[in-house]
There are 2 protein chains.
Amino acid sequence: MGPPAKLRPKIRDFDPKKFLATIGEGRKVLSFPKKQTVFSQGDAADAVFYIQQGKVKLMVVSNDRKEATLGILSTGDFFGEGSLAGQALRMGSATAMTDCELLRIDKKAMMLALHREHTFSDLFVAYLRARNIRYEEDLVDQLFNSSEKRLARLLLLLAHFGKESEPETVIPKISQETLAEMIGTTRSRVSFFMNRFRKLGFLDYGESGLQVSSLLNVVLHD
Amino acid sequence: MGPPAKLRPKIRDFDPKKFLATIGEGRKVLSFPKKQTVFSQGDAADAVFYIQQGKVKLMVVSNDRKEATLGILSTGDFFGEGSLAGQALRMGSATAMTDCELLRIDKKAMMLALHREHTFSDLFVAYLRARNIRYEEDLVDQLFNSSEKRLARLLLLLAHFGKESEPETVIPKISQETLAEMIGTTRSRVSFFMNRFRKLGFLDYGESGLQVSSLLNVVLHD
DNA sequence: AGAAATGTGTGCGAAAGTGAACATATTTCG
DNA sequence: CGAAATATGTTCACTTTCGCACACATTTCT
């Protein structure tokens, strides 16, 4: 990538306790087993979710049945905020990728809390901005790069998922299908590039999952 | 498009007066002649801008010198909000497409106002959400659609630029080059599709600019 | 006006990406 | 354990898109 290419910012230092305190009623902790749907495209959008534990996949389906994955969110992320901006219906679906513990906040309660609590509002604004930046970068990525580079970038981002440290293990089990949906290409293409990366030593199909080498950056810079 | 395809939301009912009132110092009204740069990629990001009058184009340059246009904003829009989320440098550039009157707000003053004024904060959150939705849709569009469909969608969006009404005239003079940069393809491709649309009667190169027929929608729905 | 800079219409070979098919692996589960 | 369901590696004909080239039109400037 380049100037716009940065790791996706995240608001992980968001304090759930302070958060809980500001919301009086209208909140509820929910558990979702792996693979369960949190909400579906077309559902009424009357709540926001906050991930206390686990990973959630956001996706949309096109009219011709193709699927795209907009992102994989984890602990500390919000999703479903569309409801706050007047969206009456869900534009996409959300499913639990792992067992999850989610905080469900009614739209109304959320709006009230945002209006009432300065600190909370500040944090939420920061969160929205971070998401914005991420989308902006994803968009730039799509506009500029080939699918090979997009895959490389995605793998690098996933490798640093949550952590800031050295070459780390990618989330165990994200299917090539999902990867393909995230960068807008076909699975066969993903398979092809993954193997190329592996042959070049940028990737390692280890025991504990996929090891991403920071050498993969080479692919991005031509 | 489909479920995710909606017109880009906008916060036009945002009240500049209330806005001005909440920001004490740290704001300044600036005039920019057409084509002038407001800020460049790499500049220090220490302020947010609000468009009081005119149109502004946001763009980024890749390391291999290619350009992409992230959006065209107009009266009532904010830009440069990256500075609020800890971005020290501008990720892209902003240039005036028409003579503009912009309100420049220091990062610090903006943060204070957001923290202090509930109403302002609420409006800004709404604005950020709207932007988010737009980016999300653009991203979905890139992931799903061919360049022909992306062009059709863009033209339709531009046609409704600001208005909610009937088939309208597209902004006079947006070059094919810019259109190409917005949907991530080449100018020749844009030219090709534009003529195809025109032959099909979906487009009209009128006097006052480009007339977009709502018939263009059929291109989207296959 | 007339030169220079920009923008547009078109064609074409090369490159990238698609989509479907098929043969293995691997995982999930009764 | 094995059958069924999933996931992965690989091939290949077919499309789409890119990149570039060049002629012509329009706008901008001196």
Side-chain angles (χ1 to χ4, degrees), chain A residues 33-36 57 62 64-69 95 97-99 141-152 154-155 170-200 203-210 219 222, chain B residues 33-36 57 62 64-69 95 97-98 141-152 155 170-200 203-210 219 222:
Chain A
K34 190 174 175 177
K35 291 195 177 181
Q36 183 157 348
K57 180 163 74 166
S62 69
D64 53 326
R65 306 291 166 185
K66 271 186 288 196
E67 296 190 340
T69 299
T95 53
M97 293 186 75
T98 65
D99 291 344
D141 188 43
Q142 286 290 329
L143 292 176
F144 282 145
N145 300 140
S146 63
S147 46
E148 179 175 20
K149 289 190 179 181
R150 297 203 300 270
L151 178 60
L154 176 59
L155 290 173
V170 157
I171 304 297
K173 291 298 117 193
I174 292 188
S175 72
Q176 295 183 349
E177 183 67 42
T178 297
L179 293 176
E181 285 174 7
M182 291 183 80
I183 60 175
T185 185
T186 58
R187 189 194 57 74
S188 51
R189 214 107 239 285
V190 169
S191 176
F192 176 68
F193 289 129
M194 296 273 281
N195 284 313
R196 174 189 288 188
F197 292 159
R198 186 166 47 160
K199 274 167 197 140
L200 291 170
L203 223 53
D204 185 29
Y205 285 41
E207 265 308 295
S208 47
L210 202 55
V219 178
D222 196 3
Chain B
K34 190 173 176 177
K35 289 197 178 178
Q36 182 157 349
K57 180 163 74 166
S62 69
D64 52 325
R65 305 292 166 187
K66 270 184 290 194
E67 297 190 338
T69 298
T95 53
M97 294 187 74
T98 65
D141 189 41
Q142 285 291 330
L143 292 176
F144 282 146
N145 300 139
S146 63
S147 46
E148 180 175 20
K149 288 189 180 182
R150 297 203 299 271
L151 177 60
L155 290 173
V170 158
I171 306 297
K173 289 300 114 193
I174 291 188
S175 72
Q176 295 184 348
E177 183 67 43
T178 296
L179 293 175
E181 284 174 7
M182 292 183 78
I183 60 175
T185 186
T186 56
R187 190 196 54 76
S188 52
R189 212 108 241 283
V190 169
S191 177
F192 175 70
F193 289 130
M194 296 271 282
N195 284 313
R196 174 188 288 188
F197 293 159
R198 187 167 46 160
K199 275 169 196 139
L200 291 169
L203 220 54
D204 185 28
Y205 284 42
E207 265 309 294
S208 47
L210 201 56
V219 176
D222 200 358

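To find a chain, count down the sequence lines: A is the first, B the second, and so on, and within it residues start at 1.
- A residue-by-residue look at B:Phe193 and B:Lys173 shows that B:Phe193 has its nearest nucleotide of DNA chain D further toward the 5' end.
- Here A:Thr185 lies in heavy-atom contact (under 4.0 Å) with sugar-phosphate atoms only.
- From A:Leu155, atom CG reaches atom CD1 of A:Ile183 across 8.0 Å, with rounding to the nearest 0.5 Å.
- For the pair B:Ile174 CD1 and C:dT8 C1', the computed distance is 16 Å after rounding to whole Å.
- Look at NZ on A:Lys35: it is 13 Å from P on D:dA5, rounded to the nearest Å.
- The CG atom of A:Asn145 sits 18 Å away from the P atom of D:dT17 (whole-angstrom rounding).
- Nucleic acid contact for A:Arg198: sugar-phosphate only, since backbone atoms but no base atoms lie under 4.0 Å from a heavy atom of the residue.
- In this structure, B:Gln142 CD and A:Arg150 CZ are separated by 8.5 Å, a value rounded to the nearest 0.5 Å.
- B:Tyr205 has a side-chain polar atom (N or O) that falls below the 4.0 Å cut-off from OP1 or OP2 of C:dG9.
- In this structure, A:Ser147 reaches the sugar-phosphate backbone alone: every heavy-atom distance under 4.0 Å involves primed, P, OP1 or OP2 atoms, never a base.
- Taking every side-chain heavy atom of B:Ser146 into account, D:dT17 is the closest of D:dA7, D:dT17, D:dC18.
- Listed pair A:Gln176 / D:dT6 fails the phosphate criterion, with no side-chain N or O lying under 4.0 Å from OP1 or OP2.
- For A:Glu181 and C:dG19, the CD to P distance is 13 Å, given to the nearest whole Å.
- An OP1 or OP2 oxygen of D:dT8 is reached within less than 4.0 angstrom by no side-chain nitrogen or oxygen of A:Asn195.
- Straight-line distance from the CZ atom of A:Phe197 to the P atom of D:dT8: 16 Å, rounded to whole Å.
- With rounding to whole Å, B:Phe192 atom CZ is found 15 Å from D:dT15 atom P.
- Taking atom CG of residue B:Leu151 and atom P of nucleotide C:dT8, one finds them 12 Å apart after rounding to whole Å.
- Distance from the side chain of B:Ser191 is smallest for C:dT8 among the nucleotides C:dT8, C:dG17, D:dG19.
- For the residue pair A:Tyr205 and A:Gln176, the shortest heavy atom distance occurs at OH-NE2, 4.4 Å.
- Rounded to a whole Å, the CG atom of A:Leu210 is 14 Å from the P atom of C:dT26.
- Comparing A:Ser188 and A:Arg150, the nucleotide of DNA chain C nearest to each residue sits closer to the 5' end for A:Arg150.
- Of all non-hydrogen atoms in A:Ala180 and A:Arg187, the two that sit nearest each other are CB-N, 3.7 Å.
- Between the side chain of A:Arg187 and the base of D:dG9, at least one donor-acceptor pair of N or O atoms lies under 3.5 Å.
- Atom CG of A:Asn195 sits about 9.0 Å away from atom CG of A:Leu203, to the nearest 0.5 Å.
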